[in-house]
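This report concerns only the one structure given below.
Since this is a predicted model, take the numbers as computed values, not measurements. In what follows, every heavy atom counts, from backbone to side chain, and hydrogens, waters and symmetry copies are set aside.
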Amino acid sequence: HHAPERAQAADHDHDHHSSSSKKDDDYFGGPRAWYEAGRGIGKKDRREHKNQNYRAHKTQYDGRTEREFARGYSDGYNGR
């Protein structure tokens, strides 16, 4: 079950290649960046008919960022 997940994470980075350096700065930039990251992944899971489960993406957040990531994921998944 874990192999496809890894491919997907790589995939996600690929989307943002054009603005990659800005994206990295943002990522460490704080809650807004973590929220946006979660939101993008939530939208992607919805498009791909996956279950709503932000924990499947635990490589994308940590203890500090989990709350904002989860909030963004839920909004993205539910089309907010």
Side-chain angles (χ1 to χ4, degrees):
H1 192 73
H2 270 292
E5 208 58 54
R6 206 163 279 306
Q8 199 184 324
D11 216 13
H12 185 70
D13 294 342
H14 218 68
D15 294 349
H16 296 298
H17 214 62
S18 51
S19 58
S20 132
S21 55
K22 163 138 188 49
K23 196 73 191 148
D24 293 341
D25 295 343
D26 269 354
Y27 185 76
F28 296 108
R32 167 137 190 100
W34 309 328
Y35 172 87
E36 289 298 336
R39 190 157 166 265
I41 290 171
K43 279 154 82 162
K44 189 166 189 293
D45 277 3
R46 168 103 178 256
R47 264 205 317 276
E48 294 173 2
H49 307 292
K50 297 209 169 68
N51 291 332
Q52 180 175 355
N53 175 21
Y54 77 86
R55 288 190 183 86
H57 304 285
K58 57 174 153 311
T59 55
Q60 307 284 332
Y61 63 82
D62 60 30
R64 265 180 337 128
T65 63
E66 176 171 2
R67 210 167 52 108
E68 291 302 317
F69 181 91
R71 212 162 59 86
Y73 180 91
S74 155
D75 283 357
Y77 193 92
N78 294 293
R80 286 200 283 280

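Taking Gln52 as the reference, nothing meets the side chain to side chain donor-acceptor pair (under 3.5 Å) condition, with sequence neighbours excluded. Listed by chain and number, the residues in a side chain to side chain donor-acceptor pair (under 3.5 Å) with Arg71 are Glu68 (sequence neighbours excluded). Taking Arg80 as the reference, Asp75 meet the salt bridge (charged side-chain N to carboxylate O under 4.0 Å, His left out) condition, with sequence neighbours excluded.
No continuous path of ILVMFWY side-chain contacts below 4.5 Å connects Tyr77 to Tyr35, so the two sit in separate hydrophobic clusters.
Between Asp45 and Asn51 the shortest heavy-atom distance is OD2-O, 4.2 Å.
In this structure, Tyr61 and Trp34 have side chains that are not in contact, with every pair of non-hydrogen atoms separated by 4.5 Å or more.
Here CZ of Arg55 is found 6.0 Å from CD of Glu66. Values are rounded to the nearest 0.5 Å. Atom NE2 in His57 sits 4.5 Å away from atom OH in Tyr73 (nearest 0.5 Å).
Paired with Ile41 under the rule side chain to side chain contact (heavy atoms under 4.5 Å, CB included), one option of Gln60, Lys50, Arg46, Glu36 passes, and it is Gln60.
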